[in-house]
Amino acid sequence: MYTMTKHYIDGAFVESHGTEVMDIIKPTNGRVIGRVTLADEEDTKHAIAAAKSAFVSFGRSSKEERTKIVRRLHEAASARLDDLTAAMVEEYGGVVQFAGLIVKSGINAFLAAEQALQELPLTRSWGKTTVTLEPVGVAGLITAWNANALFLCLKLASAVAAGCTVVIKPSELSAIQTQVLIEALHEANLPKGLLNVVTGRGNIVGAELVRNPDVAKISFTGSVGVGKSIMRDGAETMKRVTLELGGKSPTILLDDAVLDQAIPSALVMAFMNSGQACAAGTRLLVPKSRFDQVKRAIVEAMAAFPVGDPADPKTAVGPMVSQKQYEQVQSYIRKGIEEGAEVLVGGEGHPQGFEAGYFVKPTVFVNVKNDMTIAREEIFGPVLSVVSYDSEDEAIRIANASDYGLHAAVLGTDVERARRVAAQIRSGRVVINNMTDDPQAPWGGFKYSGVGREYGRFGIEAFLETRAILE
Ligand code: NAD
């Protein structure tokens, strides 16, 4: 049984002023495995004050000092890679193979930030003008529950590389994972007050960060609804905001795609992180001429996506994070059926043998129209909608006919053609033929998928302001 009663403020673990105690529930069986005492406004103000006072000196740190700090953070997090992965499997139900990758990419974000910082000129001058890139100030980092270590490390790495001090408000559903990470990062011996972490409710801790005039910037990963409220409420204190929000990512299967490769690739994109991924490729666009072949290929390929214990390396799809998320996925599956889509694989209810916990059936709908709810709204579970198209132009039109624009994929044999199609997709990232990543490439969305970019140089720039001095 885990018991967490402390927050991380000014370089130390301090008892919570907030008194609300929340159960932590294991998603595989619905049992209570821990209790966390949640932070309140007082704890948050205390953390902001610590970050504000640390900013006085850290805000003037050199590139070399920041480089040393991100390196130390990398070493400290690396030392606990296995513990961080185990916590993600236990508390969140992340499947172990994917959880390991997520944690690694979080840890690597420190190295990527170090590299990007070396390549980013912080001073430029011409004539009698000197322009410097200055840290924006205290940054509030507010994150979702589906990749806790990645979000925390990525935002922290970028903020520190820019010279900002931070107050992190992780999801209250990630308290154990956060505890392991902060214990690890404590070993990096950071200047006091540079890193502060308060786990608590969004409408209490998150709202205080958004409202507090001593916080200059909010970097947020989460839902569109909360993202809008941060933009609106942050305007009062002229907050700079980066918003990483939802997605309804299209995967365009071109008519020259080899199905043996393309379909498994499309399913990986749909079901990664058990479908609880902002980038999940949840709309598969297929040429009408190959529709029947695609259906057969999907049914065959599903054997490689077993549901099960997330700790088992053979498992591809684990439980949803919570009862609420389980119900959300069920309601969308019902909606899909009501609106006339056809269930090819999966459907409502628990998979056989997994009646306890929050397991759902990985589900593929065919005969989906792009204006149906299941093709428009983010489900955040393993539910794929297959939509057919007549021509390449129509595929591009359907891909772009979405409120979202975070991620997309193009699958095809003629790579030149795939690139041509990719260049017409209104998304922050488009991958060709496989889910792939580059920690220096920007991450973020067009349209309702958000504002601003993270990763590498783009992520650091989001925590900087320019100042020009003219003589
Ligand atoms: P959420 O918006 O409910 O919560 C995100 C965070 O915001 C949590 O820490 C929450 O406590 C906090 N919060 C809630 N209300 C707040 C308020 N009024 N003020 C300030 N903070 C508040 O999202 P979630 O359910 O945790 O995560 C799922 C969502 O996150 C999905 O929509 C998903 O697409 C999105 N997401 C986006 C990305 C990306 O990189 N674009 C990555 C992962 C998840």
Side-chain angles (χ1 to χ4, degrees), residues 1-9 13-44 47 80 83-96 99 102-103 142-152 168-184 196-209 221-223 225-226 273-276 307-311 318-331 350 354-360 380-381:
M1 189 74 158
Y2 298 85
T3 307
M4 285 159 294
T5 61
K6 293 181 176 170
H7 309 297
Y8 189 72
I9 301 177
F13 290 92
V14 297
E15 281 298 330
S16 184
H17 179 273
T19 52
E20 182 188 348
V21 176
M22 194 187 89
D23 287 342
I24 298 167
I25 313 250
K26 193 173 160 96
T28 50
N29 57 20
R31 297 213 184 104
V32 177
I33 54 166
R35 292 205 169 86
V36 55
T37 307
L38 299 176
D40 63 6
E41 276 106 347
E42 267 320 294
D43 294 307
T44 315
R80 299 286 297 275
D83 295 339
L84 287 164
T85 306
M88 184 168 173
V89 174
E90 183 175 25
E91 179 180 36
Y92 162 67
V95 295
V96 65
I102 284 284
V103 169
I142 304 177
T143 56
W145 39 259
N146 57 318
N148 184 66
L150 169 60
F151 301 146
L152 266 49
I168 298 181
K169 206 286 300 167
S171 168
E172 51 277 42
L173 297 181
S174 308
I176 299 173
Q177 298 163 81
T178 300
Q179 175 76 15
V180 177
L181 181 64
I182 302 312
E183 279 171 10
N196 306 276
V197 185
V198 271
T199 296
R201 299 224 180 257
N203 60 353
I204 297 174
V205 175
E208 178 60 37
L209 284 171
T221 296
S223 61
V226 175
N273 209 6
S274 307
Q276 298 173 123
V307 179
D309 176 2
M320 301 295 94
V321 69
S322 62
Q323 178 69 26
K324 183 174 162 216
Q325 195 62 23
Y326 169 84
E327 278 159 16
Q328 170 164 316
V329 173
Q330 296 303 318
S331 75
H350 288 277
F354 294 95
E355 285 74 17
Y358 312 133
F359 292 93
V360 302
F380 227 55

Within the structure provided, determine whether [X] and [Y] are in side-chain contact (heavy-atom separation under 4.5 Å).
X: Tyr358; Y: Val321; answer: no
X: Thr178; Y: Leu152; answer: yes
X: Leu38; Y: Ser16; answer: no
X: Pro319; Y: Ser274; answer: no
X: Lys324; Y: Glu327; answer: no

ask   = Among all residues two or more places apart in sequence or in another chain, which pass the ring-ring contact (aromatic ring centres under 6.0 Å, His included) test with Tyr8?
value =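 Once residues adjacent in sequence are excluded, the partners of Tyr8 under the ring-ring contact (aromatic ring centres under 6.0 Å, His included) criterion are Phe13, His186.
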Do [X] and [Y] have side-chain atoms, one donor and one acceptor, less than 3.5 Å apart?
X: Ser171; Y: Asn148; answer: no
X: Tyr92; Y: Gln276; answer: yes
X: Asp40; Y: His17; answer: yes

ask   = For the atom pair CG (Asn196) and NE2 (His7), what is the distance rounded to the nearest 0.5 Å?
value =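 Going from CG on Asn196 over to NE2 on His7, the span is 12.0 Å.
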query = What is the distance from atom CD of Gln177 to atom OG1 of Thr85, rounded to the nearest 0.5 Å?
reply =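 Reported value, rounded in 0.5 Å steps: 10.0 Å.
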Has the side chain of [X] got a donor or acceptor atom that lies under 3.5 Å from a matching backbone atom of [Y]?
X: Asn146; Y: Asn273; value: no
X: Glu91; Y: Ile176; value: yes
X: Glu355; Y: His350; value: no

Could you list the donor-acceptor pairs under 3.5 angstrom formed between side-chain atoms of residues 18-27 and any protein atom two or more places apart in sequence or on another chain?
residue, atom, partner, partner atom, Å
Glu20, OE1, Arg201, NE, 3.3
Glu20, OE2, Arg201, NE, 3.1
Glu20, OE2, Arg201, NH2, 2.6
Asp23, OD1, Arg35, NE, 2.9

query = Of all residues at least two apart in sequence or in a different chain, which pass the side chain to side chain donor-acceptor pair (under 3.5 Å) check with Glu15?
reply =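 By the side chain to side chain donor-acceptor pair (under 3.5 Å) rule, Glu15 matches Thr5.
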